[in-house]
Amino acid sequence: MRRFITKRTALILIAVVLFLIAWNRNINLLYGMFAILTSLIILSHLLPRYAIKGLIVTRTLQPVAFEDDEIEVKIYVEKNAWTKGYMIEITDSMPAAGPSFQKPMVFIAKLPVKRKQEFSFKTVCYKRGVYSVGPISVSSAYPLGIVSVNKPADNARKTLTIYPKLFSIASFPLVAGTTMPMSGTEAMAKSGGNEDFFGTREYRQGDSLKFIHWPSTARHGQLIVKEFEIRASTEVTVLMDLHKDSCTGTGRETTLEYAVKIAGSVARFAIEKGHHVQFIGYGEKKHVVPSARGIDQLAFILDVLAKVQADSTVPYHRAITMSAGLLRDGGTVVLMFSRLDSNIRDYVYPMGILRSKRIKPVCVFLNDKSFQGDVSAPEHDEKSPGTRFVHEFIKEFASEYPSVYFVSKGDNLQDVFAV
Amino acid sequence: MNKIKYSPVYIGMYFLLVSAILAVQSTRNGAVMTLVYTAAWAIIYGIGLICGWQYKEKGTKAFVIITNVLAVFALVVFLASFVFSGVVDGLIACLLWLQAGRNFTISLRRDIFYTYFVSLILILYASSISKATVFVFFIILYVLAGMFTFMAEHLDERISYASGGDRDTLTKGMHLPVKGGVLSLMTLAIAAVIFLIVPMFPSPHIQSFPSVGGWSYRNVWQKRRKGEKKDTGRGENAFLGLQVFNGTVRAGKGKTTKSVEHKPTFKEMYNGFKKKFDITSPGRCMLSNRIVFYLQADRPLYLRGKIFDSFNGRVWKNSSNGSETVLINKGVFTFDIFTYEKEAEEGGVGQVYTIERNMPDIIFTAYKPLKLWFPGDAVQKEYDLSLRASGYLHSGTIYSVLSEIRDVDGRQTGGWEPLDRADLHRYLQLPKRLPEKIKKLAWSVAGSVKSNYEKAEVVEHYLKTHYTYTLATIFEKPKGDPVSYFLFQRKEGHSEYFASSMVVLLRTLHVPARLVTGYYAAHYNPITGYYEVRELDAHAWVEAYVNYAWITFDPTPGFQCPLPHHAHGYLIASALMRYLKNRFRIAGMTNRETRWVKALQKTQNSFDRVAMFLKKAWMIFKEHIWVWLKSIGIIGLIGGLFAAVIAVVIHFILQPAFDLLRLKRMKNKDPEKFIIHCYWAMERCFKRKGVPRPRSCTPGEYGTDLTVRYRHLAGQIRTITGLFQLAVYGAYALNTVDIENAYQAYKEIEFGRHTGRK
């Protein structure tokens, strides 16, 4: 609701009261005050129109930024009229900025005629997303701030993509799942990986016969196989839960935002290590970035991560099942559980599929209770359904590769993933 | 909370408060004391605001204590002022000290509004009581300070919200982006125009009449009767014959608040207010421009002071000895008059007098006073309804009068009033040694006229037309009979000569008449809204008893009997012209041959000459050229030329509408032609907006330039330019959709209408 008592209404009221007193008491000096106030009110209505007349405003800004980055927006202003501009306010619409900074304003005290001038302001990108910046409007309340005249200056909108803020990951268990005996070794990022002799051991069922080291077999009287140090690259799939109930919390402190940050950071880590990375998320629209390597792939993934919203009706266990066909055998999948009150039985089938494809899951459990304001961590409260789900899940599906992370609201993700 | 960031806000507040204090002090003190008091307050407020700035920066607790202490002090001052000076003084003092305390802790933007409020109260109070023209400059000063504060506060507010631009430049030091000179001049010029044209309708006077105040006057006549005449404290001014009791006057609530140590002597006072009045020496005050009192009334008036009935050829005196003490009754003095009627009261003329300079004990009123609101408990009423106070009227005294004034045949009268035979005899008294030639003159002028009224009229007209008004005679002391000297020798003189001559002539013709002295209050100051009554407005006129009523006659040339239609009118502009003219006249009359008066007179003469020239030119045109034009039938040609000029002007104004109409008609015709015309119309539109197409620029380049300049119209410009290029250079056949698109695009460019086309 607009304020009724503004400077303008107050001045008009005072002018009217002065006129009435002057009329009633025949005091012409009060007529004089009334005349001056009326003159001020008239000028306050007229001058702002001339102040913003003939203004040409354009804006430039970078198309992409990361969350919490400070970006500089440049505004070019030219006054194409015969009068100078005074007290001009150029207001941009910057939805990417924080809640109270979405209407940044550049204040120009004096603008000369027919000279293009550059002004700039800095804004901090508050939250990832794809934003339409603009329109720009100009206004002026010259000279006394009594009446403000506003008009659109530049309707052209620009798109600003804000990527999620990424954090550094020191190490992440990307596990190679090639044919035995290479399985179980840590995948290293090295292009054109080769095989170096590592040692020998006893034959185990399932080992390929071509790796039998016959001289040692002869010496020991039992089958001995050669072991090689594997330098191989693997495929990492980041699978996000975009079910509409999976987003808990408000603003930037939601499970989805944390998950997006983790996904982006893991993707960057894997790509930096030279792995293939793909991203899958079943939102209202299917978000799939096919497996690839290189910095462009990271850009593709970040583009998608900037857009994803928890807006689908596909539950996470179903998303795992649906995405199984896109996962390469022996790869690594990063699973992010945003709800810890799920039923463990729902995951039996999808996890079975992953196991059958020798896909190693890395599980990230997001403590949704903490995002609702519950400070007790489920991993310490054994009776909570969340704890039960986590324990059962680990016991059931992740005992072989205990790559599990717990994230609560307010955690320093860099520390969490440093372990 | 929004803290003040822009330091000029403090300067603005300082000047706002100081200008308001200056205005208030100017209404209460003389020039010197005004400056002294204002300087003292300016220092107090300056220190306070500097501390306020420090408080904003550091939050020093000591300043909060000072604020609280001064708030308590303000309350004490209020109570003290309330007891000794009255509630208004108490409130003003309280406000000033409260603000003084508040200054120490001003840090937030909302605090500025408190300053606005206090200063507005002060200036309104000062405006309501000030009667000086110079007060306009204080108002202007206050408004300029207010504008500065408003601007600074606006800048402060915008800077606090700004993310960039000139924010940092402005917050560093005292950087003011706007030069206020032109802005101030514009504001004042528009204000002057509004002030001059604003209509001033007749006032309803709701709760504004009567007005009484200033000083209080004791009933001295009652004491005299009780034998308290020995009171040594009460002096008597023998020179004037005026009662001045100890110079002590009493103010509100009946308590003595001020003692005037020196008894006023009124040495330069108009002699017509004395008991005996020598018409040859009215006094030097006739050349004095000093304001005696201010009158607030709806019309110009004759204000009666003293009435004289007995004349010895040189000196007038009042021979009646019937005076009566009238006591206040329910706050008002009501005079027992035969003609008093309820209707008369309702239709009476209200007057509010504000005494500017100490005056004799005469209570000036317009004839005939019905009611008087006076700050005293008794006044004295003479037989002829002239009124006296118990002491001299002190500067600052305010009193109100309601008079019954009837305008009969362009003259004022107080209505029907019986007169007994003895009184008639008094008003027919003639000097013992009246020259025979005066009698002859009287009979020769009006002897043939039958009615008394006509006789008076004829005599008045004779004097007005055969004699000249001058102030040069006030220093002359003619020997012999002064009236005879005036009528037959000098044939010019001051108003007392005229009035005395008329009374003598009328009495010779057996028409009862009397001489009245007082003030001619006809100089309305449109800037303040008050009639300014100056010492040189002292005047003498005649009241003749005709048809059972005293009717006012003024035989002095240049003086008109003031009537309601002589009032200032609805517009200040016309009243201001009259006021300025009168001021020039007075300046010339009082021989103030200063440079500026001469310059102003020259300017006025120049304007008069130009006005005269234009008037003559108009008369010549009307009487000769116009007649000749009519006779030769050229009027049609002139009319045609005038119509053509009007048509060109209208065409220029309505060109966009014409263009649109033309295009609408062409829509169903040749598409290529339509598009070309549409493009031309667009070019004309942008030419009007100040962006014409340079000759060196192709339509494509021009279109590109326009899209950069007018981004919000980029689509429309591209549509029309593209279609134009296709129409002129392309092989593409334009269709109806293209035409419609171009038409809609043009409409949006020209009229800014969004027709929903995508």
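To find a chain, count down the sequence lines: A is the first, B the second, and so on, and within it residues start at 1. Source: prediction; values computed, not measured.
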Counting only non-hydrogen atoms closer than 4.5 Å, does [X] touch chain B with its backbone (N, CA, C, O), its side chain (CB onward), both, or neither?
X         : value
Ile146(A) : side chain
Ile21(A)  : neither
Phe101(A) : neither
Thr38(A)  : both
Leu11(A)  : side chain
Ile42(A)  : side chain
Phe119(A) : side chain
Ile36(A)  : both
Ile14(A)  : side chain
Ile90(A)  : neither
Asp92(A)  : neither

So for atom [atom1], which belongs to [X], do other residues, nucleotides or ligands contribute more than 12 heavy atoms lying within a distance under 6.0 Å?
X         : atom1 : value
Phe686(B) : CZ    : yes
Lys687(B) : NZ    : no
Lys689(B) : NZ    : yes
Lys165(A) : NZ    : no
Tyr50(A)  : OH    : no
Glu284(A) : CD    : no

Under a 4.5 Å cut-off applied to non-hydrogen side-chain atoms, are [X] and [Y] in contact?
X         : Y         : result
Leu29(A)  : Ser130(B) : yes
Ile190(B) : Leu40(A)  : no
Tyr31(A)  : Ile194(B) : no
Leu47(A)  : Met186(B) : yes

Minimum heavy-atom distance between [X] and [Y], given as atom pair plus value:
X         : Y         : result
Met33(A)  : Leu124(B) : SD-CD2, 4.3 Å
Ser39(A)  : Thr187(B) : OG-O, 2.6 Å
Arg158(B) : Met105(A) : O-CE, 3.4 Å
Asn28(A)  : Phe195(B) : O-CE1, 3.4 Å
Gly165(B) : Val106(A) : CA-CG1, 3.5 Å
Leu144(A) : Met147(B) : CD2-O, 3.3 Å

In Å, rounded to the nearest 0.5 Å, how long is the span from [atom1] of [X] to [atom2] of [Y]?
X         : Y         : atom1 : atom2 : result
Tyr142(A) : Met151(B) : OH    : CE    : 6.0 Å
Lys7(A)   : Glu157(B) : NZ    : CD    : 6.0 Å
Met87(A)  : Leu170(B) : CE    : CG    : 9.0 Å
Ile27(A)  : Ser127(B) : CD1   : OG    : 8.5 Å
Ser100(A) : Tyr161(B) : OG    : OH    : 11.5 Å
Ser140(A) : His154(B) : OG    : NE2   : 6.5 Å

Practice item. Against chain A, label Val193(B) side chain, backbone, both or neither, depending on which of its atoms sit under 4.5 Å from a heavy atom there. Key: neither
**Study point:** Among Leu155(B), Val198(B), Thr528(B), Ile139(B), residue most engaged with chain A (heavy-atom pairs, under 4.5 Å)
**Key:** Thr528(B)
Exercise for review: Kindly say whether Arg25(A) contributes a backbone atom to a donor-acceptor pair with the side chain of Gln296(B) at under 3.5 angstrom?
Suggested key: yes
Check your understanding: Judged by atom type as modelled, is there a donor-acceptor pair below 3.5 Å linking the side chain of Asp166(B) to the main-chain atoms of Ala109(A)?
Key -> yes
